[in-house]
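Worksheet: the structure to be examined is printed underneath.
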Amino acid sequence: MPGNVNMPGSGKPTLQVSHDVVYIQDSTGSQQPYINIARQFVRTNVATILKPEFKARYAKVRFRVVAFRDHREQGDKWIVQNANPFVEDAGALEAQMAALEASGGGDGPEAQIDALDAGLHSNFGQNAMKLFFLITDSPPHGIGIPGDVIPASHPDALTQAVILKNLQARKVILSVVGCQPTIGYYKGRDGKPLAVDWYTDFARKTGGKFIPIANVTRNPTAMNNAFVGAVLHGGDSLALVEKHGDYIIGESYRGRSALVDTLHSKLSAEGEQCHELHCTDDHNVSYSHGPISRARVDEIVGKALRHQELFMTEDQSDLMSSLLGPG
């Protein structure tokens, strides 16, 4: 029976839960500056900034690094390095970063889809919330970049649609750092920035963000803020979906707009706050903590509905798609 449309329940109690963060790094030749900044960030910030931000709400945070290049047809000796375990210590994470070395890469598009699939095979903790953070300056194979050829060694079944569905089914939030200006050079036949548009839409459908960053060696703060902000933003979203997901599904018959209005009013009255990630046109990145916005509630409702849609019958799925709207 649907709940009270005027007063949603308080949802599940807020519990301290674990977060597993998979850091997916493009390790092709152009990425060394980003790898260097990532190493520096881990050395100086993870222990002193990230965990204090989490400790009031989350039991623990674990990290692991996955690296990727391109397929063997492009001359690379390996496609994905996926052996690193989850670690909680900043020194152990720094050691994983230190092993990264940028080299190789062939025709532009790389093995991002393979790397995301590797991330999904991580040894996640029981009931852990899952966050992926991808850094790259190129698109994956198979999104329509003119001249791109999907390598013969790439599994036919491993499509972008399959990876997106699997990310959604596992409730993973993916945030993507797109290294400018290179990522913007990958255009479709219509001249539009295909790679940027594809990553923006793909990340959004998981509840994450596309974060453009340029001149990382001159502005390392942007990279640092992107990582911390993406993890905090994603962690808050996952916690809110977990807490209010049952209510969202139960009241979805009312229509998305009315549902978002009611839930936003309730959370605002309770003083709910969350982290937001901000990206400016000149590629500065920052994050903040403040009262939850209606737009953020809409994102949370959308993530809960998309996850529910994966497990519905065809007729039920059509109804849910009408609530979600395009994309």
Side-chain angles (χ1 to χ4, degrees), residues 3 8-12 14-15 17-22 57-58 116 119-120 124 127-134 160-176 198-211 229-268 272-277 287 291-312 316-327:
S10 59
K12 300 173 185 177
T14 300
L15 300 175
V17 295
S18 299
H19 280 64
D20 286 344
V21 182
V22 181
R57 191 166 187 174
Y58 310 122
L116 290 170
L120 284 166
F124 295 113
N127 300 320
M129 296 186 178
K130 307 168 188 69
L131 302 165
F132 284 12
F133 188 76
L134 168 66
Q160 55 184 286
V162 167
I163 288 296
L164 177 59
K165 183 176 181 179
N166 290 343
L167 290 169
Q168 292 173 335
R170 301 291 297 277
K171 297 184 179 179
V172 175
I173 287 185
L174 167 68
S175 291
V176 179
W198 185 87
Y199 277 124
T200 300
D201 184 62
F202 194 86
R204 178 186 63 81
K205 288 177 178 176
T206 72
K209 301 283 189 183
F210 175 75
I211 310 161
V231 173
L232 294 174
H233 176 277
D236 287 352
S237 292
L238 288 170
L240 289 165
V241 169
E242 181 69 15
K243 184 175 182 180
H244 299 287
D246 290 344
Y247 169 76
I248 292 169
I249 301 307
E251 297 294 332
S252 59
Y253 72 98
R254 299 173 53 202
R256 181 162 172 170
S257 181
L259 175 56
V260 171
D261 285 341
T262 302
L263 186 56
H264 179 240
S265 294
K266 175 186 182 297
L267 294 178
S268 295
E272 182 70 54
Q273 296 196 338
C274 61
H275 292 88
E276 296 290 351
L277 186 61
Y287 61 92
I292 192 167
S293 66
R294 187 188 184 282
R296 186 64 177 279
V297 173
D298 187 68
E299 289 180 11
I300 292 161
V301 168
K303 183 168 180 62
L305 294 178
R306 278 190 292 270
H307 184 260
Q308 181 68 10
E309 185 184 20
L310 296 174
F311 303 98
M312 288 183 160
Q316 290 173 322
S317 182
D318 288 343
L319 176 60
M320 191 63 73
S321 294
S322 71
L323 293 171
L324 285 166

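This one's a predicted model, so the numbers in the text were calculated from it and none came from an experiment.
Distance CG/Leu263 to CD1/Ile300: 7.5 Å, rounded to 0.5 Å. Between the CG atom in Asp236 and the CD1 atom in Ile292 there is a gap of 8.5 Å [rounded to 0.5 Å]. In this structure, CD1 on Ile248 lies 12.0 Å from CZ on Arg254, to the nearest 0.5 angstrom. Interatomic distance, Leu134 CG to Ile211 CD1, rounded to the nearest 0.5 Å: 10.5 Å. Here NZ of Lys205 is found 13.0 Å from CG of Leu174. Values are rounded to the nearest 0.5 Å. To the nearest 0.5 Å, atom CG of residue Leu120 and atom CG of residue Leu167 are 5.0 Å apart.
Of the candidates His275, Arg296, Lys171, Arg296 is the only one forming a side-chain hydrogen bond (donor to acceptor under 3.5 Å, both in side chains) with Ser237. Applying side-chain contact (heavy atoms from CB on, under 4.5 Å) to Leu131 and the options Asp20, Val22, Val172, Leu238 leaves one that passes, Leu238.
What you find for Gly208 and Ser175 is that their closest heavy atoms are CA-OG, 4.1 Å. Summarising the geometry of Leu305 relative to Ser252, their closest heavy-atom pair is CD2-CB, 3.8 Å, with the distance given to 0.1 Å. In this structure, Phe132 and Leu116 approach most closely via the heavy-atom pair CE2-O, 3.8 Å. In this structure, Met129 and Gly235 approach most closely via the heavy-atom pair SD-O, 4.5 Å. When all heavy atoms of Ile249 and Ala304 are compared, the closest pair comes out as CD1-O, 3.7 Å.
Using a 4.5 Å heavy-atom cutoff, the side chains of Val260 and Arg294 are in contact. Contact annotation: the side chain of Thr262 never approaches that of Glu251 to less than 4.5 Å [non-hydrogen atoms, C-beta and beyond]. The side-chain heavy atoms of Phe202 and Val176, taken from C-beta on, include no pair separated by under 4.5 Å.
Checking side-chain atoms of Thr206 against main-chain N and O of Ala203 turns up a donor-acceptor pair under 3.5 Å. Listed for the His244 side chain is no donor-acceptor partner under 3.5 Å among the backbone atoms of Val301.
In this view, His307 and Phe311 satisfy the ring pair (Phe, Tyr, Trp, His ring centres under 6.0 Å) rule, not counting sequence neighbours. Listed by chain and number, the residues in a ring pair (Phe, Tyr, Trp, His ring centres under 6.0 Å) with Phe124 are Phe86 (sequence neighbours excluded). Every residue two or more places apart in sequence or in another chain that forms a side-chain hydrogen bond (donor to acceptor under 3.5 Å, both in side chains) with Lys209 is listed here: Glu299.
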